[in-house]
Amino acid sequence: MAYLLPAEFATKMVDAGEAKIYMSTRDTLIRAYMAGAILALAAVFAVTIAVQTGVFLLGAVLFPVGFCMLYLMGFDLLTGVFVLTPLAWLAQRPGVTPKQILRNWGLVFLGNFGGALTVAFMMSFIFTMGYNVDGGAIATKVASIGEARTLGYAEHGAAGWITIFIRGMLCNWMVSLGVVGAMISTHVSGKVLAMWMPIMLFFFMGFEHSVVNMFLFPFGLIMGGDFSVMDYFIWNEIPTALGNLVGGLAFTGLTLYTTHVKTLPKRTIPVDKAAASQTLPI
């Protein structure tokens, strides 16, 4: 598993951010759509495992398979472009402006949401045999998750909203480490291992991921969850996305960029000339 030093893969982060800014609208939407769909499948896969086995840890251990697949295929998540594209602007890459960054974020959000929503409708149709039967234990579980992670936060007012925001920060700290971690190796096995660890951690800890939630909450609503679309956006998606942005950029993107790309001059240590002139006795 070939390993790249931080100074090497930090430059790759900037290059990746620039490439995403210059990507065509069509390609950006398609790649984001597929990323949202694959991550949604991974989410329902993990929930299914947790419900059927009663072991949530097992679901968390296997959830990263979706993230690894979408990354290796070159698809884009909102959480990833939150971290990478601003670095291209900080590095003053030609043509990269805040307006272009916001455009990229908007397109990736739409693509991710479209992919996740498609899978939500497909899985709800499967679980209910075309909406003719009850969705079963998995549908009930997802509906209860939707209620707990919207109305449950709303009960605490501002403190609940800030809690979601912080969970979003912690989530994309880990997820962005997965994105960046895949750059440290040139072998598939090394990339997968580097992605697997932080993604498993975020899922098991119940941190809030804006793209995963684009599937869970619409699916929960379709399955009869007792919360509204506005509850979902105000008490989950918006604070989660903002937390993802701040956490990923602050804890991963900027820390690596400032210490491995835009480094300060090396320190000069004063030398004691008298001590330096002394020689050891033979």
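Here the structure is a predicted model, which is why all the values come from computation and not from measurement. We use all heavy atoms of the structure for the numbers below, so side chains are in, but hydrogens, waters and symmetry mates are not.
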task: Could you tell me whether the side chain of Met223 reaches within less than 4.5 Å of the side chain of Val142, counting heavy atoms only?
output: no
- request: May I ask you to decide if Ala159's main-chain N or O and His156's side chain share a donor-acceptor pair within less than 3.5 Å?
  value: no
Cluster overlap Met214 with Met122, hydrophobic side-chain contacts below 4.5 Å: no
message: Around atom CH2 of Trp161, are there more than 12 heavy atoms from other residues, nucleotides or ligands closer than 6.0 Å?
response: yes
- request: Answer yes or no: does atom NZ of Lys12 have more than 12 heavy-atom neighbours from other residues, nucleotides or ligands under 6.0 Å?
  value: yes
query: Under the 3.5 angstrom rule, does the side chain of Asn172 hit a backbone N or O of Phe251 as a donor-acceptor pair?
result: no
- prompt: With no hydrogens and no angle check, is any side-chain donor or acceptor of Ser185 less than 3.5 Å from a backbone partner on Ala2?
  reply: yes
query: If only atom types and distance count, is the side chain of Asp76 paired as donor or acceptor with the main-chain N or O of Val81 below 3.5 Å?
result: no
query: Is a side-chain donor or acceptor of Tyr71 paired with a backbone partner of Lys191 at a separation under 3.5 angstrom?
result: no
query: Any side-chain heavy atom of Met13 within less than 4.5 Å of one from Leu256?
result: yes
- prompt: Roughly how far, to the nearest 0.5 Å, is the CD atom of Glu18 from the CG atom of Leu87?
  reply: 12.0 Å
Check against side-chain contact (heavy atoms from CB on, under 4.5 Å), Leu77 and Phe67: CA-CA 9 Å; Leu77 291 173; Phe67 183 88; 3.8 Å; yes
- prompt: Yes or no on side-chain contact (heavy atoms from CB on, under 4.5 Å) for Arg149 and Asn213, after CA distance, side-chain angles and deciding distance?
  reply: CA-CA 10 Å; Arg149 288 164 61 173; Asn213 292 353; 3.5 Å; yes
task: Tell me, yes or no, whether the heavy-atom count around Met23 atom CE, taken from other residues, nucleotides or ligands under 6.0 Å, exceeds 12.
output: yes
task: On the 0 to 90° scale, with breaks at 30° and 60°, tag the Tyr131-Phe125 ring pair as parallel, tilted or perpendicular.
output: perpendicular
- request: Please answer whether the main-chain N or O of Thr259 pairs with a side-chain N or O of Thr263 as donor and acceptor at a distance below 3.5 Å.
  value: no
message: What verdict does the side-chain contact (heavy atoms from CB on, under 4.5 Å) test give for Val179 and Thr79, after you've listed the backbone C-alpha separation in whole Å, the side-chain angles of each residue and the deciding distance to 0.1 Å?
response: CA-CA 9 Å; Val179 172; Thr79 45; 5.9 Å; no
Heavy-atom donor-acceptor pair, Asn244 side chain to Ser210 backbone, under 3.5 Å: yes
query: Do you reckon Phe219 sits in the same ILVMFWY cluster as Met230, going by side-chain contacts under 4.5 Å, direct or chained?
result: yes
- request: Using the six-membered ring wherever Trp is involved, compare the ring planes of Phe82 and Trp105 and label them parallel, tilted or perpendicular (cut-offs 30° and 60°).
  value: perpendicular
Heavy-atom donor-acceptor pair, Tyr257 side chain to Ala91 backbone, under 3.5 Å: yes
query: Which class fits the ring pair Phe233 and Phe113: parallel under 30°, tilted 30 to 60°, perpendicular over 60°?
result: parallel
field: Non-hydrogen side-chain atoms of Met73 and Leu70 separated by less than 4.5 Å
entry: no
field: Aromatic contact, Phe45 with Phe63 (centres under 6.0 Å)
entry: no
- request: Decide yes or no on side-chain contact (heavy atoms from CB on, under 4.5 Å) for Leu90 and Leu254, but give the supporting numbers first.
  value: CA-CA 10 Å; Leu90 290 173; Leu254 292 178; 3.4 Å; yes
Main-chain N/O of Arg167 paired to Glu208 side chain as donor or acceptor, under 3.5 Å: no
query: Would a distance-only check, ignoring hydrogens and angles, find a side-chain to backbone donor-acceptor pair under 3.5 Å from Asn132 to Met129?
result: yes
- request: Give a yes or no on whether Phe121 atom CZ has more than 12 heavy-atom contacts from other residues, nucleotides or ligands under 6.0 Å away.
  value: no
